[in-house]
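Here's the structure, in structure tokens; my notes come after.
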2 protein chains.
Amino acid sequence: MIRKPTSKEAARKPNMREAILAAAEELFATNGFNAVSVRDIALAAGANPGSVTYHFKTKDGLLLEIYRRHCGPMNLRRSELLAAAKRVRDLQDRLEAIVRAYVVPAFTSGSDLAGGGARFTRLRAVMSAEGNEVARKIIAQTFDDTSHAFIDAVHESLPHIPRTDIVWRSHFLLGALYYSLVTPERVSRLSRGEADGSDAAAAIEQLVQAIVAAFQAPALDQAAPARRRPVVGSKA
Amino acid sequence: MIRKPTSKEAARKPNMREAILAAAEELFATNGFNAVSVRDIALAAGANPGSVTYHFKTKDGLLLEIYRRHCGPMNLRRSELLAAAKRVRDLQDRLEAIVRAYVVPAFTSGSDLAGGGARFTRLRAVMSAEGNEVARKIIAQTFDDTSHAFIDAVHESLPHIPRTDIVWRSHFLLGALYYSLVTPERVSRLSRGEADGSDAAAAIEQLVQAIVAAFQAPALDQAAPARRRPVVGSKA
DNA sequence: ATGTGATTTGTACTATCGTACAAAAGATCA
DNA sequence: TGATCTTTTGTACGATAGTACAAATCACAT
């Protein structure tokens, strides 16, 4: 194995750079980019403000590094799961597997720390809401491939639905996913304690169940305001 | 008599207070609370920074007034539409009407300005993502009644679905709704120009269609783990 | 032990933040 | 018109922002 990080002083900060990254990730994800100062981050990481400048040059650079750290692994995981999902024979099962391949890494990726994937996804949600420029650029060029692959896969298993509808519905999926991570306490509150909004496993199951049904909704033909029959009973 | 609106200087600001509110709403909704300075708002409104202090005392007070201005009308509109929806006989139609009663005011409320409702809803989305304290308090005490009424109405038209599931799905609805207003350009981009993410009417129809189907999805009985193999793995 | 490069610290600089407040300007009515 | 109240302007103050940079400290090969 690699014995680089070993040191005589074990109980100390083994890697200040990592501590700063983790603190920044947490603070940005819960308070937004602009509400958090470099000094806040340094304080939370037990570091000196100057260290942040040393390791990441600017505050934007720090955010950039957070994205660089997570995007690769998460998209890799997604494409692995997507490839596996596409091999599922049963059409209904395949659609569910595809949705799961998109949702699960958003909650559980992130190498070491517990809830690492969820924290990064929440960060993306908040940056997206704030219209953060750094994030906007990275997301468009890093996630669009993944999104297109996902949309195509869904479309293949639902060929009778126009691609436009699939795009809208996958957009809703991402919005629902984001919001679940941004305000989980609202779920607990509105359910009067019967559900726990921060239960990732529950959120995933609920999300997958709901979104699969949303994808399977009848196509929205823009010409006809005439009513259609619901397809509730189409369960295998 | 009434010589208020027109004076020798005709094309001037008739009501500076309103101009400031509108500018703040727009800027907050697109950039977040912390990224926008009082000076930015004053500049956009053609006012002096001191005027903002005069009319709203603090920056928080300005945000508060934006909420006060919109919450009443939007919730009133929602409860009117909800009452009408509950009178619909056909169960399927009723559910759709209920969802519509929730969604439509979020896009189209706001008395005068075009897109006023959508702008305020986007503002709420952004404030929620930023964890804004002022917004958090107002929302919990102003919207929870509406949300409960909505959830109850949905539950009545889908009695076989546990209330917990309804709560989750209505949470997804709000997340999808928010996200549609936050990043409409993503829809246009991913659909390669075939759809317009900023088309409010299209967004409403797509959202209603998808969410109605999501609500109608089979209940998630937490007792049945006997599905196929869980794809939730742990990567390192 | 010592020299060397990597890291951490402390501090300072400039810009901008929210807000206060006095003076100017405008409006209203006896 | 002049008195009074409302609104707008201009400016200033203390706090805090991001960042730069020299000095101090650390890790480690020699």
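All heavy atoms count here, side chains included; hydrogens, waters and symmetry mates do not. Just so we're clear, the structure is a prediction, and the values are computed from it rather than from any experiment. Note on naming: letters A, B, ... go to the chains in the order of the sequence lines (proteins, then strands), and numbering restarts at 1 for each one.
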Check: Over how many whole Å does the gap from B:I41 atom CD1 to C:dG18 atom P extend?
Finding: 8 Å
Next item on the list: Look up atom CZ in B:R169 and atom CD1 in B:I211, then write down how far apart they are to the nearest 0.5 Å.
Entry: 10.5 Å
Check: So, is A:H55 near the phosphate of C:dT8, with a side-chain N or O under 4.0 Å from OP1 or OP2?
Finding: yes
Margin query: Please classify the nucleic acid contact of B:R39 as base, sugar-phosphate, or nothing, using heavy-atom distances under 4.0 Å.
Written below: base
Notebook entry, point to check: So, do B:R186 and A:S147 sit near enough that their side-chain heavy atoms are less than 4.5 Å apart?
Noted result: yes
Notebook entry, point to check: Rounded to the Å, how far apart are A:N15 CG and C:dT7 P?
Noted result: 9 Å
Note to self: From CG of A:N48 over to P of D:dC26, roughly how many Å is that when rounded to an integer?
What the structure shows: 14 Å
Check: Quick one: is the NZ or CZ of B:R124 closer than 6.0 Å to the six-membered ring centre of B:F143, and within 45° of its axis?
Finding: yes
Notebook entry, point to check: So which nucleotide from D:dT8, D:dA20, C:dT8 ends up closest to the side chain of A:S51?
Noted result: C:dT8
Notebook entry, point to check: Do B:F56 and B:L63 have side-chain heavy atoms sitting under 4.5 Å apart?
Noted result: no
Checklist line | Interatomic distance where CE belongs to B:M16 and P belongs to D:dT6 [whole Å] | finding: 18 Å
Check: Which whole-number value in Å describes the distance from B:K59 NZ to C:dT16 C1'?
Finding: 12 Å
Notebook entry, point to check: Given atom CD1 of B:I20 and atom P of C:dT19, what is their separation to the nearest angstrom?
Noted result: 14 Å
Check: Between D:dA17, C:dT8, D:dT19, which nucleotide gets closest to the side-chain atoms of A:S37?
Finding: D:dA17
Check: Between D:dT7, D:dA20, C:dA6, which nucleotide has the shortest distance from any of its atoms to the side chain of A:Y54?
Finding: C:dA6
Margin query: I need the CZ-P distance between B:F33 and C:dC17, as an integer number of Å.
Written below: 13 Å
Margin query: Measure CG/A:D40 against C1'/C:dC17 and give the value in whole Å, please.
Written below: 15 Å
Checklist line | Atom pair CZ (A:R100) and CG (A:L82), whose distance is rounded to the nearest 0.5 Å | finding: 14.5 Å
Checklist line | Most 5' of A:A35 and A:G50 on DNA chain D, judged by nearest nucleotide | finding: A:A35
Next item on the list: Can you figure out which of C:dT8, D:dG18, C:dT9 approaches the side chain of A:V38 most closely?
Entry: D:dG18
